[in-house]
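Step one of this worksheet: look at the structure below.
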Amino acid sequence: MTWKKLFQWVLAVFCALLSAMFAAAFISLYREGAALRAAGDAAAIYTREKLASRLAPLLPVALVTAGLIIGAALPGTGSAPSPFQGPEPRKTASARAAAGVGNKYDISRVTEVSASRRHRISHLRAALAAAALILIIAGICNGGMRDVLYKAINICTECVGLG
Amino acid sequence: MDRIRVWWHRRRPTARRWIQLYSALLYNAHLKGFVRGDIYTGGIKALCVPGLNCYSCPAAVGACPLGALQNALSASGHRAGWYVFGILLLFGATLGRTVCGWLCPMGLIQELLYKIPVPKLRKGRITRALSWLKYAVLAVFVLAIPLWYGLKHNLPVPAFCKYICPAGTLEGAFGLLASPKNDSLFSMLGLLFTRKVVLLAAISLACIFCFRAFCRFLCPLGALYGLFDRISLTGIQVDFSRCNGCGACVRSCAMDVRRAGDRECIQCAKCMAACRQGAISMKCGKMTLIAPETDKVTAATKRRKSIAVAAALAVLLLSLFCFNAIPSRLSREYAPTPEPASTDFVSGAPIGSEVGEQLADFSVSALGGGTFRLSEHRGQVVFINLWATYCGPCIQELPYFDRLLQEHPDVAILAVHSSLVTADVNAFLADRSWSIDFAIDSDDAVLSAVNGSALLPQTVVLNRRGEVVYNQAGSVTYEKLLALLESAEHES
């Protein structure tokens, strides 16, 4: 295992640890508050102070993780592996068939779109755009646009997860 | 020096990254909301933005298309959501999944998380199978549940926003809770919030190891736009006269695509760099937006690009100025609270809406006829509830107020619907035989007196002297109402 790989695994462990500790802080706070509520204490489950005290132990792990991420971003240190594997050299049809590329990536489905089909698609697109505009105008007329506005400026708290 | 130059060359933001940042900032141009702890309430919020961006974020200036769709389906019993369907159809036909790759703030966050250098989970059969999950999320949480509850129970339940959406937790919940002015919101947090935070932590972790994990496996907006993959105006196009079918585009893509530009393709155009044939280009109709690297860049193209960048910057600066410096027409910046009209039972407490202050007098026309004047109820414990027909928790808690009135007839209860009426409140109440007083706050008199926020439901409790003993947004239970009644009577 290279140093770069080892570094990536260490960082992965810290990220997972941070994420788990973050979730655990909220779960434990909720469980504690819910138990108190069940015992008849009407105090709030979450308060800014309680949350701060639960999240404080995360700070060292967060700082180490941030340090590792910054370290990885510095010139000359381990960089993020690219999700893109890059181009492969051009292959002949027989080489592609031997490598099974055609089946794996379903290249056989890549066929040129005929002119008449392209024509049909552009007609369909124009029809959909026209339908969309008609629907929007109908929506403005029937008050649908106003509905969107009112619901966006008068937020139902539970509907966004505050509850 | 060379090392730094190479480092910068490898890591400098691409044009796509700039556009992602630009759109995220444009969707969230009301930056002062983070400082003030409130949300933008201007008329432009009637417009849906194309990407996933929670409208409860203090900075959001547009509506979320998914939230709007769920609300429209919930309300389809009394009004068809043509406007939202039209907007989504228009975005789908013109942009398709280009929105995911270029214009979605959640996509940007996921890509930044993926930059953390850890061992990565590459695509394969499992990820490809999981990519169907987002269609199930779309069908169940965005379409079926809101429609079922809306039609069957006349109850708005935006299930995706409520139970899953990480944008809502990150931008809406954390955005609002971050402001010290919203400390009272903490008291309403419970199981729902805990579940969503845990889900957010899990999704964030998944995004570090797996490219755009939320986008690929859970996002219903991506699933919706994916349906337009063959017809959307903007997207990547393959020139088949150049393509030799080598499959480099598919191999180089981190999404679960089977061919360039299919339903899983977010049109990020990264495959253009992988194509040695120069067969892939990004087009909008017949106009080429990004030409293959093998093609020469003409002076005219460069000039057009400069003009587009200048225009985009001007729009952004203008938006930032307008949304932060100019108060909106519907903005609820209330005038100073007036002096009480009646001097009866004046407690000596200052006028205001905070706990311990005396609520200013107001009068509002009751829906059943007559007028509810607050000063006439001095000497009684008064409950004021702000609700709306489209707010599920509001509707669920109204029977508790009715029960309280039945069991304690000496209290006064007023349920106030905001002047922003989206449905016929009388028709809504006709099916229900509640005996509490209902009113529509047509001139914002109640909202102004109680300093009502943009968050529903909100409950205000006054003791017999007219002093506020409770004023908070969030749902209440019957037991909570009894406790509040006891507290108000104790303080009277």
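Since the model is a prediction, treat every value here as computed from it, not as a measurement. Per chain, numbering begins at 1; letters A, B, ... match sequence-line order.
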So, do A/L51 and B/F186 sit near enough that their side-chain heavy atoms are less than 4.5 Å apart?
yes
Is there a donor-acceptor contact under 3.5 Å from the side chain of B/Y83 to the main chain of A/D147?
no
Hey, does B/C394 have a side-chain heavy atom less than 4.5 Å from the side chain of A/C156?
no
If one checks every heavy atom of B/L90 against chain A at 4.5 Å, the contacting part turns out to be both
If you measure from CD1 on A/I153 to CD1 on B/I39, what distance do you get to the nearest 0.5 Å?
7.5 Å
Examine whether an atom of B/L47 lies under 4.5 Å from a heavy atom of chain A, and if so say whether it belongs to the side chain, the backbone or both; otherwise answer neither.
side chain
Point-to-point distance, once rounded to the nearest 0.5 Å, from CE of B/M188 to CD1 of A/I45
13.0 Å
A/L124 versus chain B, heavy atoms under 4.5 Å apart: side chain, backbone, both or neither?
side chain
Backbone N/O of A/G161 and side chain of B/R195: donor-acceptor pair under 3.5 Å:
no
Less than 4.5 Å to any heavy atom of chain A: does that hold for the side chain of B/L191, its backbone, both, or neither?
both
Is there a donor-acceptor pair closer than 3.5 Å between any side-chain N or O of A/N142 and the backbone N or O of B/A80?
yes
Rounded to the nearest 0.5 Å, what separates atom CZ in A/R125 from atom OG1 in B/T94?
10.0 Å
Let me know if B/A206 has heavy atoms under 4.5 Å from chain A in its side chain, its backbone, both or neither.
neither
Out of A/C15, A/A152, A/G33, A/A23, which one racks up the most heavy-atom pairs below 4.5 Å with chain B?
A/A152
A/I137, part contacting chain B, at a heavy-atom distance under 4.5 Å
neither
What part of A/R31 lies closer than 4.5 angstrom to a heavy atom of chain B: side chain, backbone, both or neither?
neither
Given that the side chain runs from C-beta out, which part of A/S19 has a heavy atom under 4.5 Å from chain B: side chain, backbone, both or neither?
both
Working to the nearest 0.5 angstrom, can you tell me the gap between A/I69 CD1 and B/I208 CD1?
7.0 Å
What part of A/F22 is in contact with chain B, defined as an atom under 4.5 angstrom from a non-hydrogen atom: side chain, backbone, both or neither?
side chain
Name the region of B/C161, side chain, backbone, both or neither, that has any atom closer than 4.5 Å to a heavy atom of chain A.
both
So, the part of B/A173 with a heavy atom under 4.5 Å from chain A: the answer is both
